[in-house]
Amino acid sequence: MTDYSEEQRNELEALESIYPDSFTVLSEKPTTFTITVTSEAGENDETVQTTLKFTYREKYPDETPLYEVISQENLDDNDVTDIIKLLEQQAEENLGMVMIFTLVSAVQEKLNEIVDQIKTRREEEKKQKEKEAEEEEKQRFHGTPVTIENFLNWKAKFDAELLEIKRKKMKEEEQAGKNKLSGKQLFEMDHNLDTSDIQFLEE
């Protein structure tokens, strides 16, 4: 018969010596402890970190331990979901053997990958921003490309503006016309006008 508590005790001692700074026992019954896992430093010395909480079930390692991510730094929700999936998969694969070290190592590798991805993500974001800035610059120089649709819209506006200008001009002329005298009125006002043409012809 397997002595589960013996195996669990031995593993705890081993973990304590492997992770002296990041291993903390929270309770004895059931045995619950946390291990904080930090990635290697990335390009700009950034790191990602997570604290994993493990609880031994009575028949561990013939049963998987309970595990959860209780805190994280610089990780987004998708990363946390990936870590949980990874723990699930590793726990199933290592059933029957003490596995905490294996689980933590897998998470450690995953965090290192994430740090590399952060660098790639940043580079892609930078490229994307540069591309958008370039597009804006192009738009500024090229203006709006002419399509049949936007030309017709412009023409309709232009024609409407032209019509408005013509209307205003006609109104102004009408107003001015009211103050203009007809030929007859001018003739009646000044009798010299009837001789002016004759004089002009004689000359």
Distance check, rounded to the nearest 0.5 Å: [X] atom [atom1] versus [Y] atom [atom2]?
{"X": "Asp62", "Y": "Met97", "atom1": "CG", "atom2": "CE", "answer": "11.0 Å"}
{"X": "Ile35", "Y": "Asp21", "atom1": "CD1", "atom2": "CG", "answer": "12.5 Å"}
{"X": "Ile83", "Y": "Asn78", "atom1": "CD1", "atom2": "CG", "answer": "11.0 Å"}
{"X": "Glu58", "Y": "Ser5", "atom1": "CD", "atom2": "OG", "answer": "10.0 Å"}
{"X": "Glu93", "Y": "Leu103", "atom1": "CD", "atom2": "CG", "answer": "10.0 Å"}
{"X": "Leu26", "Y": "Thr55", "atom1": "CG", "atom2": "OG1", "answer": "8.0 Å"}

Quick check: does any side chain N or O of [X] sit under 3.5 Å from a backbone N or O of [Y], one acting as donor and the other as acceptor?
{"X": "Thr34", "Y": "Phe23", "value": "no"}
{"X": "Gln90", "Y": "Leu86", "value": "no"}
{"X": "Glu68", "Y": "Leu52", "value": "no"}
{"X": "Glu11", "Y": "Ile100", "value": "yes"}

I'd like to check [X] versus [Y] (side-chain heavy atoms, cut-off strictly below 4.5 Å). Are they in contact?
{"X": "Trp154", "Y": "Val146", "value": "no"}
{"X": "Glu16", "Y": "Leu12", "value": "no"}
{"X": "Arg57", "Y": "Thr64", "value": "yes"}
{"X": "Val48", "Y": "Asp79", "value": "no"}
{"X": "Leu75", "Y": "Leu111", "value": "yes"}
{"X": "Leu87", "Y": "Val107", "value": "yes"}

Would you say [atom1] of [X] has more than 12 non-hydrogen atoms from neighbouring residues, nucleotides or ligands within 6.0 angstrom?
{"X": "Glu149", "atom1": "CD", "result": "no"}
{"X": "Asp159", "atom1": "CG", "result": "yes"}
{"X": "Ile148", "atom1": "CD1", "result": "no"}
{"X": "Glu63", "atom1": "CD", "result": "yes"}

Would you be so kind as to tabulate the donor-acceptor pairs closer than 3.5 Å made by side chains of residues 124-132, with sequence neighbours excluded?
residue	atom	partner	partner atom	Å
Gln128	NE2	Glu132	OE2	3.4

* Who are the ring pair (Phe, Tyr, Trp, His ring centres under 6.0 Å) partners of Tyr56, not counting sequence neighbours? ->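 Tyr56 satisfies ring pair (Phe, Tyr, Trp, His ring centres under 6.0 Å) with Phe33, Tyr60 only.
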* Considering non-hydrogen atoms only, spot the tightest contact between Glu40 and Gln108 and give its length. => N-NE2, 4.3 Å
* Minimum heavy-atom distance Lys110-Asp82, with the two atoms named ->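 Smallest heavy-atom distance, with atoms named: CE-CB, 3.7 Å.
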* Asked: Going through the checks in order, is the side chain to side chain contact (heavy atoms under 4.5 Å, CB included) test met by Glu164 and Arg167?
  -> CA-CA 5 Å; Glu164 194 54 39; Arg167 275 200 198 122; 3.6 Å; yes
* Gln117 and Glu113: side-chain donor and acceptor closer than 3.5 Å? -> no
* Indicate whether any N or O donor in one side chain lies under 3.5 Å from an N or O acceptor in the other, for Ser39 and Thr47. => no
* To do: Would you mind checking if Glu88 and Lys85 are paired as a salt bridge, meaning a charged N to carboxylate O distance below 4.0 Å?
  =>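 No salt bridge links Lys85 with Glu88.
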